[in-house]
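By convention in this document, chain letters (A, B, ...) are assigned in the order of the sequence lines, proteins followed by strands, and residues within each chain are numbered from 1. Only this structure's heavy atoms are used, side chains among them; waters, hydrogens and symmetry mates stay out.
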2 protein chains.
Amino acid sequence: MTTRKSALRLRPRAGNLYDGKCATRGVLDHITSRWGMLILILLIDRTLRFSELAREIGGVSEKMLAQSLRALEDDGFVLRTVYPTKPPSVEYSLTPLGTQLAPHVRSLTTWVEKNLSAVLTFREKKHLRKAS
Amino acid sequence: MTTRKSALRLRPRAGNLYDGKCATRGVLDHITSRWGMLILILLIDRTLRFSELAREIGGVSEKMLAQSLRALEDDGFVLRTVYPTKPPSVEYSLTPLGTQLAPHVRSLTTWVEKNLSAVLTFREKKHLRKAS
DNA sequence: CGGTATCCAGCGCGATACTG
DNA sequence: CAGTATCGCGCTGGATACCG
């Protein structure tokens, strides 16, 4: 129940840009979300089951994992395949669209990881300067 | 006052990945935030003043703009230059680090903008299938 | 002009419990 | 195994007012 208006939460409050498309932010929210990025990156390498994703990511609640997967599926980036075995198993993989998108996400995170030490060092120097 | 522990809010709750670096998420939060992305992209083209940024972005409160700029400045992506004129003026530009980062952000948003119609169409088809 | 301080409503997200 | 349902708190971010 609750809200039946899907996960789209574009803010009609003000006319910001993103080339005039407010909906872009909605999609970006899904993609750049904490778990969304990890899901997209992990699925580049191979198809994964729900529990495998949970294990790989670590520290994600079932609720948030399901929710993030749902959002990416609704946007057409992730394909959900159900095998009616007993017990049931569900596999997640990237769609062609997701396969295009994921590298962009990975290049961003990779850059940040590589330059993380530079950022932390910079923060430290700023901090010392204030404590002069 | 309030919290004097800087803007860093890494969650020590669970050991997720990002190559073992939790702080990476903190940086990514700043970069991929609603206004953070816009700031980085806009500053690629040219240096902008506070009020110019506010006008270009549109619909951002002074509080959030200042907060986002502050986070990016603390991380070493944005350079803040104060000119002690009367009235005062402040210019924001990208640091060398920010100049490296921003294109990654732009490539992501550009891709999403280009493929937004595909996403929206996909959502529509899903919606119709459910209403069968 | 370029901010900070304060207040507070809303919902994001974690915890917990239950299901096919 | 792979989820959904419900509750409640905490933090995000908008509104408003004020300052150098």
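- The CG atom of B:Leu65 sits 14 Å away from the P atom of C:dC1 (whole-angstrom rounding).
- Remark: B:Glu52 pairs with B:Arg46 by the salt bridge (Lys or Arg N to Asp or Glu O under 4.0 Å) rule, at least two apart or across chains.
- Going from atom CG of A:Leu48 over to atom CZ of A:Arg55 covers 9.5 Å, rounded to the nearest 0.5 Å.
- Taking atom CE of residue A:Met64 and atom P of nucleotide C:dA15, one finds them 12 Å apart after rounding to whole Å.
- The distance between atom CZ of B:Arg70 and atom P of C:dT4, rounded to the nearest whole Å, is 7 Å.
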side-chain contact (heavy atoms from CB on, under 4.5 Å) between B:Leu38 and B:Val60, intermediate numbers included: CA-CA 11 Å; B:Leu38 289 170; B:Val60 60; over 6 Å; no
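- Here the C1' atom of nucleotide D:dC1 and the CD atom of A:Glu62 are 9 Å apart, to the nearest Å.
- OP1 or OP2 of D:dG14 has at least one side-chain nitrogen or oxygen of B:Ser61 nearer than 4.0 Å.
- Looking at B:Leu72, B:Leu43, B:Leu94, B:Thr99 one by one, the single match for side chain to side chain contact (heavy atoms under 4.5 Å, CB included) with B:Phe77 turns out to be B:Leu72.
- Both A:Pro87 and A:Gln67 lie near DNA chain C, and the one whose nearest nucleotide falls closer to the 5' end is A:Gln67.
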Salt bridge (Lys or Arg N to Asp or Glu O under 4.0 Å) evaluation trace for A:Arg123 with B:Asp74: CA-CA 6 Å; A:Arg123 279 184 189 165; B:Asp74 289 345; over 6 Å; no
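- Here D:dG20 is the nucleotide among D:dA2, D:dG20, C:dG14 with the atom lying nearest to any side-chain atom of B:Pro88.
- Here the P atom of nucleotide D:dA2 and the CD atom of A:Glu73 are 15 Å apart, to the nearest Å.
- Between the NZ atom of A:Lys86 and the C1' atom of D:dA2 there is a distance of 16 Å, rounded to whole Å.
- Note that the two end axes of the helix from C:dC1-D:dG20 to C:dG20-D:dC1 enclose an angle of 50°, each drawn from 5 base pairs, rounded to 10 degrees.
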side-chain contact (heavy atoms from CB on, under 4.5 Å) between B:Glu73 and B:Arg70, intermediate numbers included: CA-CA 5 Å; B:Glu73 189 199 349; B:Arg70 186 58 129 83; 3.8 Å; yes
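- Note on B:Leu42 and B:Ile31: same hydrophobic cluster, where clusters join Ile, Leu, Val, Met, Phe, Trp and Tyr whose side-chain heavy atoms are under 4.5 Å apart, directly or indirectly.
- Distance, A:Leu48 CG to D:dC1 C1': 15 Å, rounded to whole Å.
- A:Tyr83 comes within 4.0 angstrom of nothing in the nucleic acid, heavy atoms only.
- Closest to the side chain of B:Arg49, from the set C:dC1, C:dG3, D:dG3, is C:dC1.
- In this entry the distance linking CZ of A:Arg25 with P of D:dT12 reads 15 Å, nearest Å.
- Residue contacts for B:Lys63: at a heavy-atom cut-off of 4.0 Å it reaches a base atom on one of the strands shown.
- For the OP1/OP2 pair of D:dA2 and a distance below 4.0 Å, the side-chain nitrogens and oxygens of A:Ser51 include at least one atom meeting the criterion.
- At C:dG3, one or more side-chain N or O atoms of B:Arg80 fall inside 4.0 Å of OP1 or OP2 (strictly under the cut-off).
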